[in-house]
Amino acid sequence: MDEQYLPGKVATNAQEYWEKHRTFRAVTDPKREKFYCLSMFPYPSGKLHMGHVRNYTIGDVIARYQRMQGKNVLQPMGWDAFGLPAENAAMANNVPPAQWTYANIDEMKKQLKALGFAIDWDRELATCKPEYYKWNQWLFLRMLERGIAYKQTGVVNWDPVDQTVLANEQVIDGRGWRTGSLIEKREIPMYYLAITRYADQLLDDLEKLPEWPERVRAMQANWIGKSYGVRFAFPYQLNGKEEKLWVFTTRADTIMGVTFCAVAAEHPLATHAAKNNPALAAFVDECKRGSVMEADIATIEKKGMPAGIHVMHPLTGEPVPVWVGNYVLMGYGEGAVMAVPAHDERDFHFAKMYQLPIKQVIAVSGESFSTDAWQEWYAEKERGRCINSGKYDDLDYAGAVEAIAVDLKRKNLGEKQVMWRLRDWGISRQRYWGCPIPIIHCDRCGDVPVPDRDLPVVLPEDCVPDGSGNPLNKRADFVATRCPECGQPARRETDTMDTFVDSSWYYARYCCPDNGKAMVDEQVKYWMPVDQYIGGIEHAILHLLYSRFWWKVMRDVGLVQGDEPFARLLTQGMVLNDIFFRKPANGRVVYFNPADVEIKCDEKGNRTGAILKRDGQPVEFAGIGTMSKSKNNGVDPQSLIEQYGADTARLFIMFASPPEMTLEWSDEAVAGANRFLRRLWRMVAEHVRGGLPARKEWPDLPPDLLELRRLTHLTLQKVTDDMGRRRTFNTAIAAVMELTNALGKLKDNSEPAKRVRHEALEISVQVLSPIVPHISHVLWFALGNKQAVVDSGWPRLDTVVLKQDSLEMVVQVNGKLRGRVSVPVQAGEERVKEIALANEAVSRHVGGKAVKKVIVVPGKLVNIVVA
RNA sequence: GCCCGAGUGGCGGAAUAGGUAGACGCAACGGACUUAAAAUCCGUUGGAGGACAACCUCCGUGCCGGUUCGAGUCCGGCCUUGGGCACCA
């Protein structure tokens with residue numbers, strides 16, 4: 001073997017071996033226990049970024065670990081290939097999105113291969129290929145048949161200059177990113193998927209996912225947002241006809257405190273009222289400007305204007321004024337709310353601003369109500385009792401809701417209802433680079449689904465978008481078709497599907513990526529569910545919820561079995577780096593890449609400042625943040641691999657922090673990871689040079705060697721647990737480092753010492769091999785093995801060597817550490833107490849005071865409580 | 001604004017079920033080797049105080065309060081910070 005560790009040579013050696021032996025090809029084999037390890041597939045944006053490297057390294061370590069445990073492992077890879085960035089790149093470079101996307105895939109595939117991931121590339125797929133998205137269309141048609149897919153209007157961002165629908169991302173401070181014009185909300189017809197029909201299942205089945213992080217389940221449950229309340233109506237007269245203004249509330253107990261109602265600007269009542277009221281029309285227009293994002297709407301200043309209309313209180317019959325409010329969402333609930341200023345904080349402030357009456361209807365004993373300022377208890381429902389509420393006085397929350405619901409029902413004006421925060425999934429996008437929605441518009445027959453035999457509806461790949469509208473509308477060869485029902489000329493739908501549709505079922509397609517006859521086949525029964533899914537925490541809600549929904553639909557269509565697609569989930573943290581910038585006196589902020597910045601420290605290592613290497617002038621530190629183009633703080637994985645090799649990159653990423661936490665970049669720590677690999681290499685090289693030991697029965701070992709063997713197996717035990725159960729790879733690596741540190745101190749070169757060292761090195765190489773597979777591959781052969789480490793299985797734990805006669809226990813006096821004692825393993829509690837009290841340091845601190853209590857935690861600690 | 005996390009030395013982090021705070025690594029400092037540099041190896045390294053010394057004492061896990069023999073860990077209230085909020089993926 002080489003004296004020096006040459007990462008490039010080592011990587012080539014290992015990767016060629018895997019390629020030649022087709023090591024990572026996954027074969028469907030029901031006789032073997034399978035393990036499906038899946039990382040979220042990347043959007044082919046151009047180059048791999050550090051987030052990808054982290055994601056796929058975590059997945060690869062788990063896949064390789066499971067493989068060594070003897071499982072039949074599937075780890076596939078593909079491309080989430082439709083999306084907005086391709087259209088933006090197309091506009092910038094005048095290149096069709098397809099061409100840009102395929103070039104990016106080639107580049108990123110090369111990078112993934114350089115990192116040595118144990119991927120079965122035979123199963124590669126890309127969502128922009130008709131063989132794939134045909135089945136998006138096919139299942140969409142099944143959903144139409146079942147009424148799960150339906151058509152309805154929805155609100156979008158409209159750029160009046162470009163005459164284009166914009167994504168939220170393309171709206172900056174209420175203006176279109178290219179034109180700078182003020183954005184308007186606009187209602188257009190769209191296709192929706194009725195995910196709310198599955199709301200109950202999506203919520204209840206979270207209990208079937210014990211191996212998901214608690215926080216993801218909590219976020220999903222809150223997102224689905226089941227609430228119990230009352231849906232009821234305020235009647236009113238319109239053009240001589242009886243109409244009803246419907247609202248939903250979880251606080252029906254406060255209904256007697258309603259002093260006004262508020263409706264969204266898009267609500268029909270607002271539209272009607274604005275007709276003969278120019279001031280209101282102007283206000284409605286104002287509300288319709290701005291973004292559709294909920295975060296914006298929730299933080300804007302609450303504004304309103306009276307609609308000049310009154311509705312009737314359903315219980316008292318009193319007139320209630322209707323206001324138009326910019327904070328009421330048309331897309332949520334009824335687009336109208338009842339307002340109870342006394343018991344809802346938002347209504348309270350709104351009422352104060354517009355001098356609307358505030359009527360207290362809930363009292364809590366011991367608290368006094370005042371309209372001067374809001375107090376927390378006003379909104380409390382647990383301790384409250386109704387007052388000023390006529391027949392409902394003195395009822396508690398549950399009693400009042402019940403009684404009021406009964407009365408509303410009797411008047412046919414409402415009833416108790418379950419309400420979901422979750423909204424149906426609008427999938428129509430007025431964009432080119434996506435999966436066409438398989439619908440044909442016929443003047444005679446209406447919206448006609450494309451028959452199965454005509455699938456897929458193929459997207460032309462040679463369009464170049466120009467920023468105004470959807471280029472598909474200008475493609476007569478795409479749009480012009482015939483109605484499948486009447487045969488007359490008709491138009492194709494030009495909207496495409498949300499890219500979340502593509503990523504909602506790709507995991508199932510990996511089981512049979514080449515099947516041209518069906519969406520999935522019986523192989524999904526073997527491979528699904530995914531045993532381990534790994535991806536960014538930023539996908540905790542949308543992607544995972546849509547996937548769970550889509551899978552349930554596939555189940556109900558009879559394609560798959562089981563209720564959930566992902567058994568275990570690991571959400572990795574983001575990759576962060578320092579952010580440096582300069583802000584010229586009257587210019588835009590300029591960001592500098594940390595690689596170009598030198599940090600100044602004082603003699604204690606505290607940061608004192610930073611300068612740009614190029615000009616030696618100071619730059620400002622803006623803290624740490626996720627690696628991004630806009631902050632110019634990314635690290636290119638490619639240059640990292642070129643400098644240190646794939647194993648160093650992988651080792652650093654797995655060592656720097658546990659997978660669920662954020663990872664802060666550090667060039668110095670990367671160099672440290674490389675140093676460890678070089679040391680490991682040298683250790684093996686020296687050991688091999690000294691001659692490999694003969695393999696015999698274990699001889700009786702002297703105490704120091706026995707101790708080292710014990711450490712070897714303690715390390716194996718810990719690493720196995722850390723990698724398999726805890727998934728804390730950083731502590732697994734630390735444990736191996738401790739072992740190699742101890743090994744470095746062993747200067748003995750006797751035959752027994754060689755045997756102990758050999759075993760320790762073999763186990764180190766084997767357990768590190770999922771993390772640093774290339775160097776492990778070469779070192780394993782160097783240690784005299786005939787079979788590749790990837791096929792060597794997991795090392796066996798020697799439980800005999802772990803047995804000890806005595807152990808160390810910690811002794812505390814009043815909870816403070818005062819001494820350590822050695823105790824025989826079989827010693828009982830009384831004996832342990834005796835030994836602890838006999839300790840010199842302990843008795844000094846007890847100091848003759850009366851011992852009140854002694855607590856013994858077996859095998860760990862003794863706490864002596866004195867007066 | 002709402003939902004969900006996180007906060008421990010100069011830095012990344014460890015402490016797995018309420019039981020030794022700071023494993024492992026980085027940086028820094030001191031030393032060895034070398035003509036020199038790189039590489040490598042050895043040692044020190046939370047703060048304050050005390051002892052010639054082996055060592056000893058006190059303080060310390062964002063802030064305030066609580067439960068407990070014992071709290072980084074549990075509970076209540078804050079502060080700061082990260083992710084998500086439905087058309088970025």
Side-chain angles (χ1 to χ4, degrees), chain A residues 40 42-43 45 80 83-85 154 156-157 165-171 213-216 218-219 221-223 225 292-300 327 331 346 421-423 425-426 428-431 498-500 503 536-543 545-546 571 573-574 576 601-607 623-626 652 655-658 660-673 675-676 678-679 682 718 721-722 725-726 728 730-731 733-738 741 744 808-812 814-817 820 841 852-855 857 860-865:
Chain A
M40 290 180 187
Y43 177 78
S45 54
D80 188 13
L84 199 52
V156 294
N157 301 305
V165 175
L166 295 184
N168 286 336
E169 189 189 52
Q170 298 171 314
V171 179
E214 183 61 46
R215 61 171 161 160
V216 175
M219 279 191 269
N222 289 332
W223 185 264
V292 299
M293 286 177 69
E294 197 183 312
D296 292 339
I297 292 159
T299 48
I300 49 169
Y327 63 95
R346 198 168 55 173
R421 208 192 74 97
L422 182 68
R423 306 202 289 266
W425 177 12
S428 294
R429 297 292 178 270
Q430 297 67 45
R431 269 190 266 291
D498 181 2
T499 56
F500 274 124
S503 56
I537 183 67
E538 68 273 20
H539 295 292
I541 295 174
L542 291 181
H543 161 63
L545 195 64
Y546 291 147
T571 49
M574 317 273 289
L576 314 180
C601 294
D602 63 18
E603 62 284 352
K604 280 183 128 180
N606 297 308
R607 271 188 190 190
I624 49 173
T626 57
F652 164 73
F655 182 56
S657 72
E660 311 244 29
M661 287 187 19
T662 55
L663 183 149
E664 291 180 34
W665 195 260
S666 159
D667 287 330
E668 291 80 13
V670 172
R675 194 174 305 148
F676 172 73
R678 287 203 307 263
R679 193 161 76 229
R682 237 183 2 259
K718 177 168 174 57
D721 189 45
D722 283 356
R725 180 182 64 89
R726 297 179 66 209
T728 53
N730 55 329
T731 54
I733 294 164
V736 178
M737 285 174 169
E738 281 187 74
N741 286 347
E808 187 177 78
M809 285 179 78
V810 159
V811 187
Q812 299 179 330
N814 284 346
K816 285 194 175 177
L817 174 68
R820 289 158 209 278
K852 275 170 50 181
K853 195 172 173 186
V854 180
I855 292 136
V857 182
K860 269 196 174 158
L861 141 162
V862 183
N863 188 16
I864 298 159
V865 185

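In the text below, chain A, chain B and the rest are named by the order of the sequence lines, each starting its count at 1.
For A:I855 and B:U68, the CD1 to C1' distance is 10 Å, given to the nearest whole Å. B:C2 atom P lies 15 Å from atom CD1 of A:I300, rounded to whole Å. In this structure, A:L861 atom CG and B:C69 atom C1' are separated by 10 Å, rounded to whole Å. Across the protein-nucleic acid pair, A:F500 atom CZ and B:C87 atom P stand 8 Å apart, rounded to whole Å. Protein atom CG of A:N863 is 10 Å distant from nucleotide atom P of B:A71, rounded to whole Å. Going from atom CG of A:N814 over to atom P of B:C69 covers 11 Å, rounded to whole Å. Atom-to-atom, CD of A:E738 to P of B:A14 comes out at 14 Å; the value is rounded to the nearest Å. One interatomic measurement links the two molecules: CG of A:L817 to P of B:G19, which rounds to 15 Å at whole-angstrom precision.
Residue-level contact check: A:F655 touches the bases, meaning some heavy atom is under 4.0 Å from a base atom. The residue A:V810 sits close to a base: some heavy atom pair falls under 4.0 Å. A:V854 comes within contact range of no nucleotide atom at all, as no heavy-atom separation falls under 4.0 Å. Within 4.0 Å (heavy atoms only), A:P213 reaches no atom of the nucleic acid at all. Among the heavy atoms of the strands lying under 4.0 Å from A:T299 is at least one base atom, whether or not backbone atoms are also near. Across all strands shown, A:L422 has heavy atoms under 4.0 Å from base atoms, whether or not it also approaches the sugar-phosphate.
Distances shorter than 4.0 Å separate some side-chain N or O of A:N741 from OP1 or OP2 on B:G25. Regarding contacts with the backbone of B:A86, every side-chain N or O of A:R423 stays at 4.0 angstrom or more from both OP1 and OP2. Contact between the side-chain N/O atoms of A:R431 and the OP1/OP2 oxygens of B:C88 is not found at any separation under 4.0 Å.
Here OG1 of A:T662 is found 9.5 Å from CE of A:M574. Values are rounded to the nearest 0.5 Å. A:M661 CE to A:L576 CG: the interatomic distance, rounded to the nearest 0.5 Å, is 10.5 Å. Annotation: the span from A:N863 atom CG to A:N814 atom CG amounts to 7.0 Å, rounded to 0.5 Å. For the atom pair A:T626 OG1 and A:E538 CD, the distance stands at 9.0 Å (nearest 0.5 Å). The distance from the CZ atom of A:R675 to the CZ atom of A:R679 is 8.5 Å, given to the nearest 0.5 Å. Residue A:Y43 holds its OH atom at 8.5 Å from OG1 of A:T499, rounded to the nearest 0.5 Å.
Only the P atoms considered, B:G66 is 15 Å distant from B:G60, to the nearest whole Å. When the P atom is used for both B:G12 and B:G5, the distance is 23 Å, rounded to whole Å. B:G22 and B:U57 are spaced 15 Å apart, taking the P atom of each and rounding to whole Å. The separation of B:U67 from B:G76, taken at their C1' atoms, amounts to 11 Å, rounded to a whole angstrom. A gap of 14 Å separates the C1' atoms of B:G83 and B:C88, to the nearest Å. Using atom C1' as the reference point in both B:C58 and B:A51, the two lie 15 Å apart (nearest Å). When the C1' atom is compared between B:C79 and B:A23, the two are found 30 Å apart, to the nearest whole Å. Comparing B:U16 with B:U73, their C1' atoms sit 12 Å apart, to the nearest whole Å.
A distance-only check finds a donor-acceptor pair linking the side chain of A:N157 to the backbone of A:L166 [under 3.5 Å]. Under a 3.5 Å cut-off, the side chain of A:R421 and the backbone N or O of A:W223 do form a donor-acceptor pair. Between the side chain of A:T728 and the backbone N or O of A:P658 there is no donor-acceptor pair closer than 3.5 Å.
Judged by atom type and distance alone, A:N222 does not reach the base of B:C3 through any side-chain donor-acceptor pair under 3.5 Å. Checked by distance alone, A:Q430 brings a side-chain donor or acceptor within 3.5 Å of a matching partner on the base of B:C87.
Syn is the glycosidic conformation of B:G9, whose angle stays within 90° of 0.
Of all nucleotides listed (B:A15, B:C88, B:G12), B:C88 comes nearest to the side chain of A:A167. Side-chain atoms of A:N730 lie closest to B:A14 of the nucleotides B:C87, B:A14, B:G25. Each of B:C88, B:A23, B:C87 was ranked by its minimum atom distance to the side chain of A:L84; first place goes to B:C88. Nearest nucleotide to the A:Q812 side chain, out of B:U20, B:C87, B:U16: B:U20.
Between A:E660 and A:P213, the shortest heavy-atom contact is OE1-CG, 4.2 Å. Nearest heavy-atom pair across A:D498 and A:G426 is OD2-O, 4.4 Å. A:E169 and A:L84 get closest at one heavy-atom pair: OE1-CD2, 4.1 Å.
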* Which is it for A:K718 and A:T731 under the side chain to side chain contact (heavy atoms under 4.5 Å, CB included) test, yes or no, and what are the steps along the way? -> CA-CA 9 Å; A:K718 177 168 174 57; A:T731 54; 4.2 Å; yes

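Between A:E808 and A:D80, the residue whose closest nucleotide on RNA chain B is further toward the 5' end is A:E808. With RNA chain B read from its 5' end, the first of the two nearest nucleotides for A:M661 and A:A735 is the one closest to A:M661.
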Find every protein N or O atom lying less than 3.5 Å from an N or O atom of nucleotides 40-44 of chain B, and list the pairs.
residue: B:U40; atom: OP1; partner: A:R678; partner atom: NH2; Å: 2.8
residue: B:U40; atom: O3'; partner: A:R682; partner atom: NH2; Å: 3.0
residue: B:C41; atom: OP1; partner: A:R682; partner atom: NH2; Å: 3.4

Which pairs, protein N/O on one side and nucleotides 57-59 of chain B N/O on the other, fall under 3.5 Å?
residue: B:U57; atom: OP1; partner: A:H845; partner atom: NE2; Å: 2.8
residue: B:C58; atom: OP1; partner: A:R818; partner atom: NH2; Å: 3.4
residue: B:C58; atom: OP2; partner: A:R818; partner atom: NH1; Å: 3.3
residue: B:C59; atom: OP2; partner: A:K816; partner atom: NZ; Å: 3.1

For nucleotides 76-85 of chain B, list the nitrogen or oxygen atoms of the protein found under 3.5 Å from its nitrogen or oxygen atoms, one pair per line.
residue: B:C85; atom: O2'; partner: A:E294; partner atom: OE1; Å: 3.3

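Taken together, the paired segments of RNA chain B that extend over three or more consecutive Watson-Crick or G-U pairs, each closer than 3.5 Å at both contacts, are B:1-7 with B:79-85, B:10-12 with B:24-26, B:28-32 with B:40-44, B:46-50 with B:55-59, B:62-66 with B:74-78.
Under the side-chain contact (heavy atoms from CB on, under 4.5 Å) rule, A:F655 has a single partner from A:L663, A:V670, A:I733, which is A:I733.
Every residue meeting the ring-ring contact (aromatic ring centres under 6.0 Å, His included) condition with A:Y327, not counting sequence neighbours, appears here in chain and number order: A:F350. For A:F652, the ring-ring contact (aromatic ring centres under 6.0 Å, His included) partners are A:W665, not counting sequence neighbours.
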